*Asks:* 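Let me give you the structure first, and then I'll get to my questions.
In this text the structure is predicted, and so the values were computed from the model without any measurement. Nothing fancy with the numbering, it's 1 onward along the sequence.
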Amino acid sequence: MISSLRGQVQHVGLDHAVVEVGGVGFAVQATPGTLAGLRRGEEAHLATTLVVREDSLTLFGFADAEARELFGLLQTVSGIGPRIALATLAVLEPDKLRHALAEGNISVLTQVPGIGKKGAERLVIELRDKVGQLPATTTPAHSQTRDHVVEALLGLGFPAKAAESTVDKVLSDNPDQSTPAVLRRALATLGRK
C-alpha cells in the first residue's frame with residue numbers, strides 16, 4: 001500500500017496531479033480542493049491510498065489523513081466505489097460530511113453526483129456510528145489538549161462519550177485554550193449535568 005507521497009509536483013490537471021518521487025512520476029487522482037493546494041514545481045505531501053482492481057492500479061491523494069480515512073470508510077458501503085467516494089469528498093468537506101452522516105441529513109448527501117435518496121439513506125444507516133470513531137480535524141496542539149483532557153476526565157470516572165463530547169464543545173467555543181483551562185470548563189459543564 002502506498003500510504004503517502006512527498007515530492008515535486010510535475011503536473012496538475014482537472015482531476016489528477018503527477019508527483020515525482022525518486023525519479024518516478026505518480027499519477028494521483030484527487031479532489032479539486034486538494035489539487036488547488038498544489039503548485040507545479042513545488043514540493044507536496046499527500047496522504048494516499050492505492051485502489052487495486054483487476055485491470056488497474058489507481059492512486060488517490062488527499063490533503064490529510066482524515067480525508068483518506070473517510071474515503072476508505074465510504075467505500076465500505078455497498079454501491080459506493082472509489083469514484084463516488086472521491087466525488088463525495090469533492091462536494092463535502094470532511095467535517096460537513098461527518099455532520100451530515102451523524103445527523104442523518106439526506107438532503108446534504110444527495111448533493112453528491114451519483115448518490116440518490118436510497119444511497120444517502122444507506123450511507124447514514126451504515127456509517128452514522130462509525131464517523132464518530134474517526135479523528136476530528138484538529139491542529140496537533142488542539143488534538144493533544146483534547147486527548148489530555150479526555151484522559152483526565154476518564155480517570156475521574158466520567159463516561160467516555162460524555163467526556164469527548166464535552167471537551168469537543170469546550171474546544172469549539174475557544175480552540176486556543178490551555179489544557180488546564182479546557183479541563184476546568186469541561187468539569188464545570190459536566191458538573192452541571
*Asks:* Any idea which heavy atoms bring Ala67 and Pro94 closest together, and the distance?
*Replies:*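 Heavy atoms only, the tightest pair is CB-CG, 4.3 Å.
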*Asks:* Please round to the nearest 0.5 Å and tell me the distance separating atom CG of Leu50 and atom CG of Leu57.
*Replies:*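 Interatomic distance, Leu50 CG to Leu57 CG, rounded to 0.5 Å: 5.5 Å.
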*Asks:* Taking Thr76 for its side chain and Leu73 for its backbone only, find out whether a donor-acceptor pair lies under 3.5 Å.
*Replies:*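 A pair under 3.5 Å: yes.
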*Asks:* Honestly curious: do Val18 and Val9 fall in one hydrophobic cluster under the side-chain, below-4.5 Å linking rule?
*Replies:*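 Different hydrophobic clusters.
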*Asks:* Tell me which one of Glu93, Glu103, Glu66 satisfies side chain to side chain donor-acceptor pair (under 3.5 Å) with Arg98.
*Replies:*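 In the set Glu93, Glu103, Glu66, the residue that makes a side chain to side chain donor-acceptor pair (under 3.5 Å) with Arg98 is Glu66.
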*Asks:* Return yes if some donor-acceptor pair links the side-chain N/O of Ser56 with the main-chain N/O of Arg53 below 3.5 Å, else return no.
*Replies:*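 Between the backbone of Arg53 and the side chain of Ser56 there is no qualifying donor-acceptor contact (under 3.5 Å).
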*Asks:* Which residue pairs pass the side-chain hydrogen bond (donor to acceptor under 3.5 Å, both in side chains) test with at least one member in residues 107-127, sequence neighbours excluded?
*Replies:*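 Sorted pair list: Asn105-Ser107.
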*Asks:* With side chain to side chain contact (heavy atoms under 4.5 Å, CB included) as the criterion, how do Leu171 and Arg146 come out once you've worked through the C-alpha distance, each side chain's angles and the decisive distance to 0.1 Å?
*Replies:* CA-CA 8 Å; Leu171 284 170; Arg146 180 189 186 278; 3.7 Å; yes
*Asks:* For a quick test of reading the model, state the closest non-hydrogen atom pair linking Gln75 to Ala85 and the distance between them.
*Replies:*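 Smallest heavy-atom distance, with atoms named: CG-CB, 4.0 Å.
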*Asks:* What do the steps show when you test His148 against Leu183 for side chain to side chain contact (heavy atoms under 4.5 Å, CB included), and what is the final call?
*Replies:* CA-CA 9 Å; His148 287 298; Leu183 181 58; over 6 Å; no
*Asks:* Distance-only criterion, 3.5 Å: show the donor-acceptor pairs between side-chain atoms of residues 150-161 and protein atoms not counting sequence neighbours.
*Replies:*
none

*Asks:* How far apart are the closest heavy atoms of Ser165 and Ala162, and which atoms are they?
*Replies:*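 Minimum heavy-atom contact is OG-O, 3.2 Å.
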*Asks:* Return the set of residues passing ring-ring contact (aromatic ring centres under 6.0 Å, His included) with Phe60 (not counting sequence neighbours), or none when no residue passes.
*Replies:*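 Once residues adjacent in sequence are excluded, the partners of Phe60 under the ring-ring contact (aromatic ring centres under 6.0 Å, His included) criterion are Phe71.
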*Asks:* Under 3.5 Å, side-chain donor or acceptor atoms of residues 22-33 against the rest of the protein: list the pairs with distances, not counting sequence neighbours.
*Replies:*
residue : atom : partner : partner atom : Å
Gln29   : OE1  : Arg83   : NH1          : 3.4
Thr31   : OG1  : Thr34   : N            : 3.2
Thr31   : OG1  : Thr34   : OG1          : 3.0

*Asks:* Are Val21 and Val19 side-chain neighbours, meaning at least one heavy-atom pair lies under 4.5 Å?
*Replies:*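 Side chain of Val21 against side chain of Val19, heavy atoms only: contact under 4.5 Å found.
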*Asks:* If I compare all heavy atoms of Val131 with all of Arg128, which pair ends up nearest, and what's the gap?
*Replies:*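 That would be CG2-O, 3.4 Å.
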*Asks:* Going from CG on Leu5 to OG1 on Thr48, what distance comes out if it is rounded to the nearest 0.5 angstrom?
*Replies:*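 So the gap between those two atoms works out to 4.5 Å.
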*Asks:* Under 4.0 Å between a Lys/Arg side-chain N and an Asp/Glu carboxylate O for Asp64 and Arg68?
*Replies:*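 No, this pair does not count.
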*Asks:* Do Arg184 and Pro180 have side-chain heavy atoms sitting under 4.5 Å apart?
*Replies:*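 In contact.
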*Asks:* Heavy atoms only: give me the nearest Ala186-Val167 pair and the separation to one decimal.
*Replies:*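 Taking Ala186 first and Val167 second, the nearest heavy atoms are CB-CG2, 4.3 Å.
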*Asks:* Taking ring-ring contact (aromatic ring centres under 6.0 Å, His included) as the definition, give me every residue that meets it alongside His11, ordered by chain and number, with sequence neighbours left out.
*Replies:*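 Scan of His11 (ring-ring contact (aromatic ring centres under 6.0 Å, His included), adjacent residues dropped) gives His16.
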*Asks:* Report the distance from atom CD1 of Ile2 to atom OG1 of Thr49, rounding to the nearest 0.5 Å.
*Replies:*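 Those atoms lie 9.5 Å apart.
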*Asks:* Under 3.5 Å, side-chain donor or acceptor atoms of residues 37-46 against the rest of the protein: list the pairs with distances, not counting sequence neighbours.
*Replies:*
residue : atom : partner : partner atom : Å
Arg39   : NH1  : Ala36   : O            : 2.7
Arg39   : NH2  : Ala36   : O            : 3.3
Arg40   : NE   : Gln10   : O            : 2.8

*Asks:* Which pair of non-hydrogen atoms, one from Gly104 and one from Val124, has the smallest distance, and what is that distance?
*Replies:*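 In terms of heavy atoms, the two residues are closest at CA-CG1, 3.6 Å.
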*Asks:* Can you tell me which residue among Leu70, Leu97, Leu101 is in a side-chain contact (heavy atoms from CB on, under 4.5 Å) with Leu92?
*Replies:*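 So the option named by the test is Leu97.
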*Asks:* Rounded to the nearest 0.5 Å, how far apart are CG of Leu14 and CG of Leu35?
*Replies:*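 Result: 8.5 Å between the selected atoms.
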*Asks:* Hey, could you give me the CD/CG distance between Glu69 and Leu74, rounded to the nearest 0.5 Å?
*Replies:*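 Glu69 CD to Leu74 CG: 11.5 Å, rounded to 0.5 Å.
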